[in-house]
Structures are given as C-alpha cells and as structure tokens.
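In what follows, a single structure is set out as structure tokens and then discussed.
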Amino acid sequence: MLDEQAKKTMLRKIPHGLYICGVKDGEEVNGFTASWLMQSSFKPPLVVNCVKGDSISHQMIEKSGVFAISFLEDTQKNLAEKFFKPMRRVGNKFEDVEFSLGKETGCPIITDSLGYIECQVVGKVDKGDHTVYVGEVIAAGVHREGKQLNLESTSWNYGG
C-alpha cells in the first residue's frame, strides 16, 4: 500500500527551477509559472514541459504547438507568484510586465529574465492531470547572468 505522506515528502524533494512559460493563440498571449521542466536531449535540443491539462495555457499550446520559457533570477519570486494565478481570475498577467514576442514562436518572453528558449512541440504524453510536452529548442537568448530561481528557495510546494 502506498504511504501517501512518504510519497508527498519524497516527490517534493525533486529539485525544480521556476520559470515563466509564455504561450499564445493567435494574438492572445498568456503565461504561467512552470516548475516541471527539464532538458531531455542534446541532438536535437529537447526539453520536456509539464502543463496542467485543465488550464487555458494548455489549450493555447494545443492550438499553437509552441511555447517559450523565460528563466527567472533568484530575486524574482514576486514575478513567479504573479504568474501562478489562473488567467480566469486575474485577466492579463502581462499587463504590467515588460515582454517581447519571440521571433520564432511569437510567444511572450519576459524582458527582465535571465534569458529564454523558444520551443516547437514535437511530441506529447497525455497521462494524469498534466500533459508532458516535448519541445525542440528552436531559438534561445541570454539577457544577463544571475542565479536561477528554484522552488526550494521559496516556501511553496508544488508536487507530491
């Protein structure tokens, strides 16, 4: 029998960075705080990004087949917190956040981030409450140097 508390404790020990995943559907843009992201291949350069299945952002990725990841600095916890809230409740999360649209994907990229990658979806796995998207990195840029924000440095829990 699965010990629920032990499962939760151990799964929360998996290290996660915090990122803003920018998505689009036509002219409409959205973003969300992502933490289940990792590199999965060198050639071609691939990442996996897990997205909650009942979210607006999930619908947007399904339609567009693209997403962008902005890498946050360890001082940007407030920005990560802003993008945790569902668009249905807060409306345009980019209203007071400076961003540009990716040249390859057209997805929003946070101007004040450490840098970004733009990805084309090349595969997915639909299991559980999140979809695992496999994205090929088709563009990347570095804005500045800095230490990456990670989930462990916050008091938040996402997992388990």
Tell me, please, which residues at least two apart from Glu152 pass side chain to side chain contact (heavy atoms under 4.5 Å, CB included). Asn150
N/O donor to acceptor pairs below 3.5 angstrom from side-chain atoms of residues 122-129, sequence neighbours left out:
residue, atom, partner, partner atom, Å
Lys124, NZ, Glu62, OE1, 2.8
Lys124, NZ, Glu62, OE2, 2.9
Asp126, OD1, Thr131, OG1, 2.7

Which residues share a salt bridge (Lys or Arg N to Asp or Glu O under 4.0 Å) with Lys63, sequence neighbours left out: Asp25
From Lys24 NZ over to Ser57 OG, what is the distance, rounded to the nearest 0.5 angstrom? 14.0 Å
Could you grab the distance from atom CD of Gln76 to atom OG1 of Thr33, nearest 0.5 Å is fine? 11.0 Å
Does the side chain of Ser55 come under 3.5 Å of the side chain of Gln59 through a donor N or O and an acceptor N or O? no
Using 0.5 Å steps for rounding, measure from the CE atom of Met10 to the NZ atom of Lys8. 14.5 Å
Counterpart residues, side chain to side chain contact (heavy atoms under 4.5 Å, CB included), relative to Ser100 (two or more places apart): Ile109
Kindly work out whether a path of hydrophobic side-chain contacts (I/L/V/M/F/W/Y, heavy atoms less than 4.5 Å apart) joins Val137 to Leu114. yes
Determine, using ring centers only, whether Phe32 and Phe83 are less than 6.0 Å apart. no
Residues in salt bridge (Lys or Arg N to Asp or Glu O under 4.0 Å) with Asp3, at least two apart? none
Shortest non-hydrogen contact from Ala68 to Thr105? CB-OG1, 4.5 Å
How would you list, by chain and number, every residue that makes a salt bridge (Lys or Arg N to Asp or Glu O under 4.0 Å) with Asp74, sequence neighbours excluded? none
Count I, L, V, M, F, W, Y as connected when their side-chain heavy atoms are under 4.5 Å apart, and connections chain through other members. Are Ile110 and Phe84 then in the same cluster? yes
Going by side chain to side chain contact (heavy atoms under 4.5 Å, CB included), name the residues that satisfy it together with Pro15, two or more places apart in sequence or in a different chain. none
Contact between Val48 and Trp36 at the side-chain level, heavy atoms closer than 4.5 Å - yes or no? no
To the nearest 0.5 Å, what is the distance between NE2 on His58 and SG on Cys21? 11.5 Å
Could you pull out all residues at least two apart from Glu98 that satisfy side chain to side chain donor-acceptor pair (under 3.5 Å)? none
Rounded to the nearest 0.5 Å, what's the gap from CZ on Arg12 to NZ on Lys7? Could you check? 8.5 Å
Val121 meets the side chain to side chain contact (heavy atoms under 4.5 Å, CB included) criterion, sequence neighbours left out, with Ile61, Phe67, Tyr133
Would you say that Asp54 contacts Lys52 through its side chain, given a criterion of any heavy-atom pair below 4.5 Å between the two side chains? yes
Is any side-chain heavy atom of Ile56 closer than 4.5 Å to one of Met60? yes
Quick one, Val47 and Cys119 - any side-chain contact, counting heavy atoms below 4.5 Å? yes
Mind checking ring pair (Phe, Tyr, Trp, His ring centres under 6.0 Å) for Tyr116 and listing every partner two or more places apart, or none if nothing turns up? His143
Heavy-atom distance under 4.5 Å between the side chains of Leu46 and Pro44, does that happen here? yes
State, with a plain yes or no, whether a side-chain heavy atom of Ile20 is found less than 4.5 Å away from one of Leu72. yes
Less than 4.5 Å apart, any side-chain heavy atom of Ile69 and any of Asn49? yes
According to salt bridge (charged side-chain N to carboxylate O under 4.0 Å, His left out), does anything in residues 140-150 pair up with another residue at least two apart or in another chain? List the pairs. Glu73-Arg144, Asp112-Arg144
Is the shortest side-chain heavy-atom distance between Leu18 and Thr154 below 4.5 Å? yes
